[in-house]
Amino acid sequence: MSPSPLFAAPKGTRDILPGESRRFEKLVATFSDFAHRYGFGLIVSPLFEDVGVFHRGIGEQSDVARKEMYVFEDRSGRRLALRPEGTASVVRAFVQHHPVTPWKVWYLTPAFRYEQPQAGRYRQHHQLGVEALGTDDPTLDVEVITLAWRFYEAVGLRQISLMINSMGHRACREPYLELLRQHLETHEGELCDEHRALWRTNALRVLDCKQESCVGVTAPGPMLIDHVCEECRAHFQIVRDGLDSLGVTYSVNPRLVRGFDYYTRTTFEFVSGAMNSAQNAVGGGGRYDRLAEELGGDPTSGIGFGSGLERLMLALEAESIVALDDSSIDVFIVDTAGGQSSLVLVEALRAVGLSAERSYDQRSMKSQMKLADRSGARLALLIGPRERESDTVTIRDLRGTDEAQRQHSVALLDATATVLQLLTK
RNA sequence: GUGGGCGUAGCUCAGUUGGUUAGAGCGCCAGGUUGUGGUCCUGGAGGCCGCGGGUUCGACCCCCGUCGCUCACCCCA
């Protein structure tokens with residue numbers, strides 16, 4: 001940093017290095033495990049798509065589509081964009097391949113948005129998510145939300161709260177929007193500066209505004225949840241009943257409006273109560289009943305959930321959860337005899353599935369012991385001239401307390417078996 | 001796009017109204033009598049004080065510019 005390097009990671013991006021990346025790995029592994037348990041298969045799709053996939057997918061008026069996408073032309077003049085979120089690509093793949101429904105997939109993906117970076121907001125961030133297409137069964141909504149809930153629980157988060165809402169479907173949203181606009185029009189003067197100018201083009205956004213002035217206007221006004229049609233109301237009720245019977249606690253937030261235009265009916269968001277930044281939404285999602293059509297497919301209902309890895313890691317930090325950070329190894333080989341013995345031994349240990357490490361560059365025993373300690377290894381295997389001479393190794397328990405039992409000598413040929421035995425008891 | 005803060009050792013930061021060899025803690029390396037870590041002690045390596053210009057006898061410090069980082073608004077994960 002000080003002798004300013006020639007290159008640094010671009011603004012709003014960062015390197016996740018060993019140490020921190022351990023957390024990242026464990027989160028991904030945990031999510032993958034849950035996704036499989038809930039019947040989702042992995043989808044890996046291109047990071048860039050025809051720009052239309054995102055324009056039509058997430059809505060041309062959304063902020064993300066309008067001013068935050070990384071759009072570029074390839075050498076043949078195709079208009080492409082880096083994926084700003086996960087859902088649109090999945091739906092494009094669904095439309096392209098006509099899979100048997102219900103189609104349930106999960107993903108891990110970077111997402112790119114050209115924004116001013118700040119705490120918990122990056123130009124490249126990473127998302128874990130699931131999407132399920134081909135049915136509008138509300139109990140599937142329950143499963144998706146529950147998967148997310150259990151996942152957060154499993155990684156140790158306690159201060160997470162779930163908010164849900166229903167956006168209705170297109171036919172019941174239109175009359176509501178009319179009502180809302182009328183209400184906003186009569187109170188136009190009381191809105192915050194920004195929404196006084198903007199309420200006509202995106203009335204729903206006003207509901208999400210945190211300014212006191214706007215809240216004052218919208219609080220007594222009409223709420224979408226009270227104006228959805230009978231079918232949407234019934235759908236939402238089944239979602240609520242399902243969550244109740246699975247023991248997932250939530251609150252209904254009629255003001256919950258999510259950022260993409262494609263949502264219909266169920267929407268939800270998970271917020272960390274431990275984070276003090278404004279970027280405390282760790283994950284969210286909802287149902288989208290028109291996205292497949294929008295991308296040229298048959299009308300197909302879908303529901304998905306996405307969680308930001310960086311937000312997740314910030315939330316873990318905010319709750320001081322370190323359970324995922326352990327990167328210690330099983331065995332460290334301390335070798336002062338030189339030659340190939342430690343190379344051969346470390347390979348033998350790795351071959352039976354242990355994580356084994358050694359030091360390089362012929363360091364003193366003291367300094368190698370130091371490395372062994374810091375590696376977190378449970379055992380150190382010592383090979384010095386004496387062991388070399390007698391074809392033995394000295395096994396030292398680095399974590400034990402019984403001084404008499406901490407160290408003993410075994411034949412080199414028995415070392416791996418003895419280590420395995422010691423580690424499993 | 002708008003506004004605030006900050007750039008000094010690998011990291012976190014001190015640096016006295018501008019004064020001569022730029023500091024601490026942590027980390028790293030090596031020692032503390034000849035083969036044993038986590039504690040302790042000693043020593044060492046490591047800085048164009050982000051970059052460029054200006055003011056001054058003299059600038060890490062003041063002024064201008066520039067680049068970068070960061071936080072917030074907006075929006076989002």
Spacing between [X] atom [atom1] and [N] atom [atom2], to the nearest angstrom:
| X | N | atom1 | atom2 | value |
| --- | --- | --- | --- | --- |
| F332(A) | U36(B) | CZ | P | 16 Å |
| E115(A) | U2(B) | CD | P | 16 Å |
| Q124(A) | A77(B) | CD | P | 16 Å |
| Y114(A) | C74(B) | OH | P | 20 Å |
| K11(A) | C6(B) | NZ | P | 17 Å |
| Y122(A) | C71(B) | OH | P | 7 Å |

Check: Q407(A) side chain, U36(B) base, donor-acceptor under 3.5 Å: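 Under the 3.5 Å cut-off, the side chain and the base do form a donor-acceptor pair.
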
Presence of donor-acceptor pair under 3.5 Å, side chain of R121(A) and base of C71(B):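 No.
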
Side chain of [X]: nearest nucleotide among [options]?
| X | options | answer |
| --- | --- | --- |
| E387(A) | G32(B), U36(B), G35(B) | G35(B) |
| D373(A) | G38(B), G35(B), C73(B) | G38(B) |
| R363(A) | C75(B), G32(B), C29(B) | C29(B) |

Would you say the side-chain atoms of [X] and [Y] include a donor-acceptor pair closer than 3.5 Å?
| X | Y | value |
| --- | --- | --- |
| E131(A) | T87(A) | yes |
| E85(A) | Q127(A) | no |
| R287(A) | S301(A) | yes |

Contact list for RNA chain B against residues 35-47 of chain A - heavy-atom distance below 4.0 Å: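 None, since no heavy atom is under 4.0 Å.
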
Sugar-phosphate, base or nothing in reach of A119(A), heavy atoms under 4.0 Å: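 Since only primed, P, OP1 and OP2 atoms lie under 4.0 Å of A119(A), the category is sugar-phosphate.
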
Pairing stems for RNA chain B [at least three consecutive pairs; Watson-Crick or G-U; under 3.5 angstrom]: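 Stem list for RNA chain B: B:1-7 with B:67-73, B:10-13 with B:23-26, B:28-32 with B:40-44, B:50-54 with B:62-66.
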
